[in-house]
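Data first, discussion second: the structure below is written as structure tokens.
By convention in this document, chain letters (A, B, ...) are assigned in the order of the sequence lines, proteins followed by strands, and residues within each chain are numbered from 1. Since we're looking at a predicted model, the values are computed, not measured.
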Number of protein chains: 2
Amino acid sequence: MGLVINDKEWAGKYKLKDIQNKIILGDTIEVMKKMKPKSVDMVFIDPPYFLQLPKKRLIRWEVKTDVEGVNEQWDKFASFKEYDNFIKKLLKGVKRVMKPNATIWVIGTYHNIFRTGKIMYDLGFWMLNDVSWFKTNPMPNWLNVRFTNATETLLWAVKDKKVKKYVYNKEVAREYSMKDFNSKIVFNVWRLPICMGGQRLKNADGKKLHSTQKPEALLERIIRISTNPDDVVFDPVAGTGTTGYVAKKLGRNFIMIDKEEKYVKAMQKRLKGLQTKL
Amino acid sequence: MGLVINDKEWAGKYKLKDIQNKIILGDTIEVMKKMKPKSVDMVFIDPPYFLQLPKKRLIRWEVKTDVEGVNEQWDKFASFKEYDNFIKKLLKGVKRVMKPNATIWVIGTYHNIFRTGKIMYDLGFWMLNDVSWFKTNPMPNWLNVRFTNATETLLWAVKDKKVKKYVYNKEVAREYSMKDFNSKIVFNVWRLPICMGGQRLKNADGKKLHSTQKPEALLERIIRISTNPDDVVFDPVAGTGTTGYVAKKLGRNFIMIDKEEKYVKAMQKRLKGLQTKL
DNA sequence: CAAAGTCCTGAATCATATG
DNA sequence: ACATATGATTCAGGACTTT
């Protein structure tokens, strides 16, 4: 049995053992319906950001160049409504497969995080924190017509208000806060650089494979703080697979879904590389 | 003509000269309807945050005093829906009186800022930045079960997507960024302390008058960066009146509205104190 | 008077056990 | 699902008191 499951070739339900530490190629909403309820310990979601950029010419303060911008099929939504509907379906599906004491992380920018947060509240998630990822090396806004957007926002929530015994490794959290600000207070502000250098996956042309690949250090922090070893970390829109890669590296298990073959292939390669390393 | 206008005693519309540098006592939605469209240069809103705090009291065990949360009438909403409706009416009213190139600032915490931001997008405001106010002296999370909430979020937007020539004093912005982070990049992260000491308005008992008084330094930054001298700064839910106080101090004009007489009285006193100072 | 020590408090969705 | 009783944590900064 390989690392990848093609959902089209799978009839019936998924048992946990079928998909643990697997990448599933398929429509995430449909795949989740076939998963067992209350089966994962933590969820990380990095949804499409709905940048609303013009199709041809991307504005330079948003992205580096026209070619490399977020202008791909997966970020195309006709309207706020369509976007909201997608996020709502995604979060509903995720909530169903979360264990009762599981937590969920969602990352976004000001383009999408407000609508997304609002939907989380409406679905009954209980917010624990909004965390501000303060990038140490943001792209400067060289037109100087507004502030340099140096942050992304992470929302951290539990399934319901009544959940109390979720995982929060406070000593680990304090480690990072000491490193960031030399402070014993564990702030909801994190300082770390964006994804750079060797971490960045490239395609055959040497161009970056994915516009919004997250740094491993970000996932490391999230996973170490909010899961224990052997927990199952779930990413329903996995992209380049940083979630599963870091989870595995830290002795956790993963389940990842993506609908694009090129990303699934890249994840597969990345994880195989990890196996040889370990 | 005094500093305060009682809306009940005012028939007909308000001309700009009637209300410039005045505090209006009345229902903000109704008052705004009587204001002239396209008349203000900048708006600052610090709406109720809809904290949904538990009814029980928290006690500090060592000193045996209550932890006073916000538990006041103005933060009472029955449901998300009721809260959303209030914010929607407020923002619609505000948009109407904004000049075409005016900008708007809205502040909040994770309790309310996501729904509020979503509504702003839906009403057609064009977001310029989300700014993270990183408090230098937050209340620590004493039980250590989540991150210390050390931030509030400011949303900064223009009236419509097509607005280009709004006020952004980039040199002033850089001043603050140098002070905060010794950086020439003007980050969307601001470091300043919460409202403390002599700034804080007290009532006759020596207790704080308002749970959520904003520091003058915050308003100073906002006003200096996003307005020019003699501009009209509008605050439709003025509370303790920090907006007007700082605006006046910086050579701007203000219009403030609040429905509670005790706050209007306090603002009046505060502004009279400023006149004697200047 | 200055320096050191004490007390208080800040927009907070902070826990657990029992009935 | 409530309400109630019990328990024993955190830091910066301003106001106040003592040395």
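With C1' as the reference atom, D:dT10 and C:dT9 are 12 Å apart, rounded to whole Å. C:dT13 and D:dT6 have their P atoms separated by 26 Å, with the value rounded to a whole Å. Separation of the P atoms belonging to C:dC14 and D:dC2 is 15 Å when rounded to the nearest angstrom. Between C:dA11 and D:dA15, the distance separating the two P atoms is 15 Å to the nearest Å. Annotation: D:dT9 and C:dG10 have their P atoms spaced 22 Å apart (nearest Å).
When Watson-Crick and G-U wobble pairs are counted only if both distances are under 3.5 Å, C:dG10 pairs with D:dC11. C:dA17: Watson-Crick or G-U partner is D:dT4, with both key distances under 3.5 Å.
Annotated as anti: D:dT9, whose glycosidic dihedral deviates from 0 by more than 90°.
Side chains of B:W156 and B:S226: a donor-acceptor N/O pair is absent below 3.5 angstrom, by distance only. In this structure, a donor-acceptor pair under 3.5 Å is present between the side chains of B:N188 and A:T151.
Within 4.0 Å (heavy atoms only), B:P215 reaches no atom of the nucleic acid at all. At the heavy-atom level, A:K162 lies nowhere under 4.0 Å from the strands shown. Nucleic acid contact for B:G198: sugar-phosphate only, since backbone atoms but no base atoms lie under 4.0 Å from a heavy atom of the residue. Using a 4.0 Å heavy-atom distance criterion, A:K161 is classed as making no nucleic acid contact. Looking at heavy-atom distances under 4.0 Å, B:K135 makes no contact with the nucleic acid at all. Here B:P193 lies out of heavy-atom contact (under 4.0 Å) with every strand. A:Y168 comes within 4.0 angstrom of no nucleic acid atom, judged by non-hydrogen atoms across all strands. Among the heavy atoms of the strands, none lies under 4.0 Å from B:T109. In this structure, B:D46 reaches the bases: a heavy-atom distance under 4.0 Å links it to at least one base atom across the strands shown.
Looking at the side chain of B:V145, the nearest of the listed nucleotides C:dA15, C:dA11, D:dA12 is C:dA15. Here the side chain of B:E152 is nearest to one of C:dT16, C:dG10, C:dA11, namely C:dA11. Among the nucleotides D:dC11, D:dT10, C:dT13, the one closest to any side-chain atom of B:N144 is D:dT10. Picking from C:dA12, D:dC11, D:dG13 the nucleotide with the shortest atom distance to the side chain of A:R174 gives D:dC11. Listed nucleotides C:dT16, C:dA11, C:dT13 differ in distance to B:H111; the shortest reach to its side chain belongs to C:dT13. Closest to the B:P140 side chain, of the nucleotides D:dT9, D:dC11, C:dA11, is D:dC11. The listed nucleotides are C:dT13, D:dA12, D:dT9; the one nearest the side chain of B:W142 is D:dT9.
Residue B:M196 contributes atom CE, which lies 13 Å from atom C1' of C:dC8 at whole-angstrom precision. To the nearest angstrom, C1' of C:dC8 lies 13 Å from CD1 of B:I194. C:dT13 atom C1' lies 13 Å from atom CE of B:M139, rounded to whole Å. Note: CG (B:N141) to C1' (C:dA12) measures 8 Å, nearest angstrom. Atom-to-atom, CH2 of B:W133 to P of C:dA11 comes out at 7 Å; the value is rounded to the nearest Å. Here the C1' atom of nucleotide C:dA12 and the CG atom of A:D130 are 13 Å apart, to the nearest Å. The interatomic distance linking B:L192 (CG) with C:dA11 (P) rounds to 13 Å, in whole Å. Going from atom CD1 of B:I107 over to atom P of C:dA11 covers 11 Å, rounded to whole Å.
Using a 4.0 Å cut-off between charged nitrogen and carboxylate oxygen, B:D27 and B:K33 do not count as a salt-bridge pair.
Checking the phosphate oxygens (OP1, OP2) of C:dG10, a side-chain nitrogen or oxygen of B:K208 falls inside 4.0 Å. Phosphate contact (OP1/OP2 of C:dA11, side-chain N/O of B:R200, threshold under 4.0 Å): present. Taking only side-chain nitrogens and oxygens, B:N149 comes nearer than 4.0 Å to OP1 or OP2 of C:dT13.
The aromatic ring centres of B:Y245 and B:F254 sit 6.0 Å or more apart. Annotation: B:F181 is in aromatic contact with A:F134 [ring centroid separation under 6.0 Å].
Annotation: of the two residues near DNA chain C, A:K165 and A:L128, the 5′-most nearest-nucleotide partner is A:L128.
Nearest approach of B:V40 to B:A102, heavy atoms of both residues: O-CB, 3.4 Å.
Considering B:R224, B:R200, B:K248, B:R270 in turn, B:R270 is the only one that fulfils the salt bridge (Lys or Arg N to Asp or Glu O under 4.0 Å) rule with B:E216.
To the nearest 0.5 angstrom, B:I24 atom CD1 is 11.0 Å from B:D258 atom CG.
Stacking between A:W126 and C:dT13 is shown: the ring centroid lies under 5.5 Å from the centre of the six-membered base ring, and the planes differ by under 30°.
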